[in-house]
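Only heavy atoms go into these numbers, but all of them, side chains included; no hydrogens, no water, no symmetry mates. Naming: A, B, ... by sequence-line order, numbering from 1 per chain.
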Protein chains: 2
Amino acid sequence: MSDLTALLRSKGLRSTPHRRAVLHALAENPHVTAVEVAAAVGEQASGPGAVSELSRQGLYNVLEDLRRVGLVRSIEPAGSATLFELQHGDNHHHAVCRSCGAVQDVPCSVGSAPCLDAPGTGGFVADEAEVVWWGRCAACAAAGR
Amino acid sequence: MSDLTALLRSKGLRSTPHRRAVLHALAENPHVTAVEVAAAVGEQASGPGAVSELSRQGLYNVLEDLRRVGLVRSIEPAGSATLFELQHGDNHHHAVCRSCGAVQDVPCSVGSAPCLDAPGTGGFVADEAEVVWWGRCAACAAAGR
DNA sequence: CCCTACATTTGACTGTGTCCAACTATGAGA
DNA sequence: TCTCATAGTTGGACACAGTCAAATGTAGGG
């Protein structure tokens, strides 16, 4: 039984080729859109342990299932489609390049979630603080873009 | 010449009925979607100083023009359409209710933008930090939603 | 008053994601 | 090993937000 199978079972999900393929694809490509996940899964279709392509609906089902059990996180930077990444134990944030759109993980420097004080204003009860830094990635900054 | 006309002129934009109507609508309704802006502008169509409804394209053009000159800010909370609000001088963030979707302003407590230290990681040059708190608004928390 | 650059409209189109109903595979218990 | 309920998958239609391109209208300086 592969690691991925064990992982899925431990979360109460059946181990299916598509779910394993999506997890594998996300392990290799962080911060990808649903379309890119589909493409990566398609790649594996040609390799060993062949996986048939999965339908759009199937893809969203898999991603939602994995998200629900905490194996996958998604972010939606303004102006871009939903991006998916594996959920590690950490509570990190993201830096998005305005020029090329690249997304980079940023370790949370203030502690565990919510890692910023909740706004005291008006009785709002916060359970999560999401931070996105906007700017230029190293490559784009160097190229003067 | 109205205040709004003067404001638009000062930013180098022509003063048109639609632009004034959009500014007026945003002054009364913060954090609204493009569709809601259109509806609010439509309301004014029946009142005095009648404004004809504006097309979808016209609406996006107006919003983009106003955004470009700094009169309007937009935010895109995950799972919702772009929300627009007037740009005041301050650098505030937002708290979004998971239950009813209400958005509330949160004054930036850490200073001026970027109000959080830029990530030192890998040469990324940040020019803005965007923070969103997720949780329950006062009303929803009280109602146990 | 009249021109011209700027503003607006119209309608088709794209990308991303959801809904629904039918179909197929899986695996736990008999 | 068989059966069947449940979980998973598929395809097609659809909804929503936003964009593109080209034709038309208008604000405001001369």
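- As a whole-Å value, the separation of A/Tyr60 OH from D/dC14 P is 19 Å.
- Rounded to an integer number of Å, the gap from B/Leu59 CG to C/dT10 P is 14 Å.
- The shortest distance between the side-chain N/O atoms of A/Thr16 and the OP1/OP2 oxygens of C/dT26 is not below 4.0 Å.
- For the pair A/Glu36 (side chain) and A/Thr33 (backbone), a donor-acceptor distance under 3.5 Å is present.
- Atom CG in A/Asn61 sits about 15 Å away from atom C1' in C/dA22, given to the nearest Å.
- Taken from CG in B/Asn61 to CZ in B/Arg19, the straight-line distance is 8.5 Å, to the nearest 0.5 Å.
- Rounded to whole Å, the distance from CG on A/Leu8 to P on C/dT26 is 15 Å.
- Within residues 65-86 of chain B, no residue has a heavy atom under 4.0 Å from DNA chain C.
- You'll find that the side chain of B/Ser55 is closest to C/dT9, out of C/dG27, D/dG18, C/dT9.
- Side-chain N/O atoms of B/Arg56 include none lying less than 4.0 angstrom from OP1 or OP2 on C/dG11.
- Note on B/Arg98 versus A/Asp127: salt bridge recorded, some NZ/NE/NH1/NH2 to OD/OE distance being below 4.0 Å.
- Under the rule for a ring-ring contact (aromatic ring centres under 6.0 Å, His included), A/His24 has no partner lying at least two apart in sequence or in another chain.
- Not a single donor-acceptor pair, N or O on each side, falls under 3.5 Å between the base of D/dG28 and the side chain of B/Arg14.
- The CG atom of A/Leu63 sits 13 Å away from the C1' atom of C/dT16 (whole-angstrom rounding).
- A/Ser15 and A/Arg20 form a side-chain donor-acceptor contact under 3.5 Å, judged by distance and modelled atom types alone.
- Two residues, B/Leu13 and A/Gly58, neighbour DNA chain D, and the one matched to the more 5' nucleotide by heavy-atom proximity is A/Gly58.
- Side-chain proximity of A/Val35 to the nucleotides D/dG28, C/dT16, C/dT9 is greatest for C/dT16.
- Inspection of the A/Trp134 and B/Glu130 side chains reveals an N or O donor paired with an N or O acceptor under 3.5 Å.
- Nucleotide D/dT9 holds its P atom 14 Å from the CD atom of A/Glu64, rounded to whole Å.
- Going from atom CD of B/Gln57 over to atom C1' of D/dT24 covers 14 Å, rounded to whole Å.
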Residues 79-87 of chain B side chain polar contacts: donor-acceptor under 3.5 Å, at least two apart:
residue: B/Glu85; atom: OE1; partner: B/His31; partner atom: NE2; Å: 3.0
residue: B/Glu85; atom: OE1; partner: B/His92; partner atom: NE2; Å: 3.3
residue: B/Glu85; atom: OE1; partner: B/His94; partner atom: NE2; Å: 3.3
residue: B/Glu85; atom: OE2; partner: B/His92; partner atom: NE2; Å: 3.3
residue: B/Glu85; atom: OE2; partner: B/His94; partner atom: NE2; Å: 3.0

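- When the side-chain nitrogen and oxygen atoms of A/His18 are compared with OP1 and OP2 of D/dT9, one or more of them lie within a distance under 4.0 Å.
- For A/Arg19, the side-chain atoms get nearest to D/dG8 when compared with the rest of D/dT9, D/dG8, C/dT8.
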